[in-house]
Number of protein chains: 2
Amino acid sequence: MTRWSIGDLAKASGLTVRTLHHYDEIGLVVASERTTSGHRRYTPDDVRRLYQVRSLRQLGLSLDEVRSALSRSDSLRPIFQAQLAALTAQAQQVEALRSRLTALLDGHTTESLLSTLEMMSVHESYFTADQLTDLRSRAAALGPEAVEALKASWLELVKQLRQHMADGTPATDPRVVELSRQWDALGARFTGGDAAIQAAAQRSWDENKASISAQIGWPADDGLVDYVTQARAAQ
Amino acid sequence: MTRWSIGDLAKASGLTVRTLHHYDEIGLVVASERTTSGHRRYTPDDVRRLYQVRSLRQLGLSLDEVRSALSRSDSLRPIFQAQLAALTAQAQQVEALRSRLTALLDGHTTESLLSTLEMMSVHESYFTADQLTDLRSRAAALGPEAVEALKASWLELVKQLRQHMADGTPATDPRVVELSRQWDALGARFTGGDAAIQAAAQRSWDENKASISAQIGWPADDGLVDYVTQARAAQ
DNA sequence: GTAGGACCTCCCGTGGCGTGAGGTTCAAGC
DNA sequence: GCTTGAACCTCACGCCACGGGAGGTCCTAC
């Protein structure tokens, strides 16, 4: 029995009949012989080739890569090296995702998960990767409680400012100017005083008012930012 | 401007117009409004949803997973945990592939790459993962030179046995019996004397004679194994 | 009023097969 | 020799997350 039927070969190799059909279709592993009625007969050479294909596939190569790897044996080493580089990159990406997920799961309540994600997502459109790394490391350096404290101060600040707005206090009022100074100081704690990051935040703000408003809990287009801008001018 | 055109939203979010079309088609992020002529108008709520989708996608979730994640916020945590588990598994697989590739690239000449792979592949059909780990750690413990020395002894043994076969020496001849004892001893060095591994090897042998023959460099069906089996019976 | 960019829908293509449908052939038991 | 059920054959559509193009309409700025 030196010829294999497709079913026996499928069992022996652990692949499916459909997969062998597919390899035959695309000419990757073709049954060298056929019975008169058209049934595939795999020769030992075909079987050898199939096992080579299977092992290369198990290393994560695409069928096209497998094909060219088998076409000339001297192309194996560069292909392997490329594959190793690709796998290394993939490993890094997977690790990055994993750490983000673990951080999210560890540090947040269920309700805050989505809004946190949304903020991250929005921000990533406007900050460069380096800037984000910066922001994150700063947040990490401060520690989670400090970050929470900052957020609380922020909300308190916003509350007072809106109260002044509602009261009709002019933006040039010393109390408002003082609040705007605190606003900027708080912002600097987040941005590290980096002008580029502040500019990116400003740009993000200008272009995303509407969509950001909901997630931070107060209407974004009620003129608060403009009010602070005016007050800042009077500093 | 509280409504976004699809092009502007694409630019702002970093996605393509086609992607937004796709999300609209499958009902994941639908533009709540249309102009009279049919152009999509995204409301702030739509934009918010899009950013949520984008952030969940960046964590590696499928569109279906994103959909169910957004349907009920309490499903976020389990979904994240599942995703984390999947990513962990993926990271392990990628690492396993990477180490296999590095080992291959470090330890083998170009010509031996393919046949090594093929043998690995064939063996993996017949050994369990644990048994393979066993085999590999034993090979690692012996060190590469020792493994090469074993292979050389093996080839020498085979050479002598085939000579005896060609000469017509009966399998019960003491010299042949001694050689069969060495054969088993060598095998034990590989298998660690594990009966299950030896049985798996035997099964692999029985079912793969033809395909194995080429890679180990001598015809597999010339009766050598049967000859040794007879000799072993006379031990 | 006209150019050209933005938008619309429809539809085929990707990779690596899974999963039938509908028909032929093989192998084992009577 | 005959029957049956398993194995095999060839289409051919489906998946996932869109990419890309055709062919047509609409909007906006000059």
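First the proteins, then the strands, lettered A, B, ... as listed; each starts at 1.
Legend: residues meeting side-chain hydrogen bond (donor to acceptor under 3.5 Å, both in side chains) with A:H21, ordered by chain and number and at least two apart, are A:R40.
For the pair A:A12 and A:Y51, the tightest heavy-atom approach, listed with the atom from each and the gap, is O-OH, 3.4 Å.
The nucleotide range of DNA chain C contacted by chain B, defined by atoms under 4.0 angstrom from heavy atoms of the protein and reported 5' to 3', is C:dC7 to C:dC11.
When side chains are defined from C-beta on, B:T102 does not count as touching A:F80, because their heavy atoms never get closer than 4.5 Å. A heavy-atom distance below 4.5 Å is found between the side chains of B:L70 and B:V66.
Taking the charged nitrogens against the carboxylate oxygens, B:R67 and B:D64 do have a contact shorter than 4.0 Å, which makes a salt bridge.
A distance of 8.0 Å separates CZ of A:R3 from OG of A:S32, quoted to the nearest 0.5 Å.
A:T35 and A:R41 are not linked by any side-chain donor-acceptor pair at a separation below 3.5 angstrom, with hydrogens and angles left out of the test.
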Protein heavy-atom contacts under 4.0 Å, written 5' to 3' over nucleotides 6-21 of chain D as B (base), S (sugar-phosphate only) or - (none), form the string --SSB-B----BBBB-
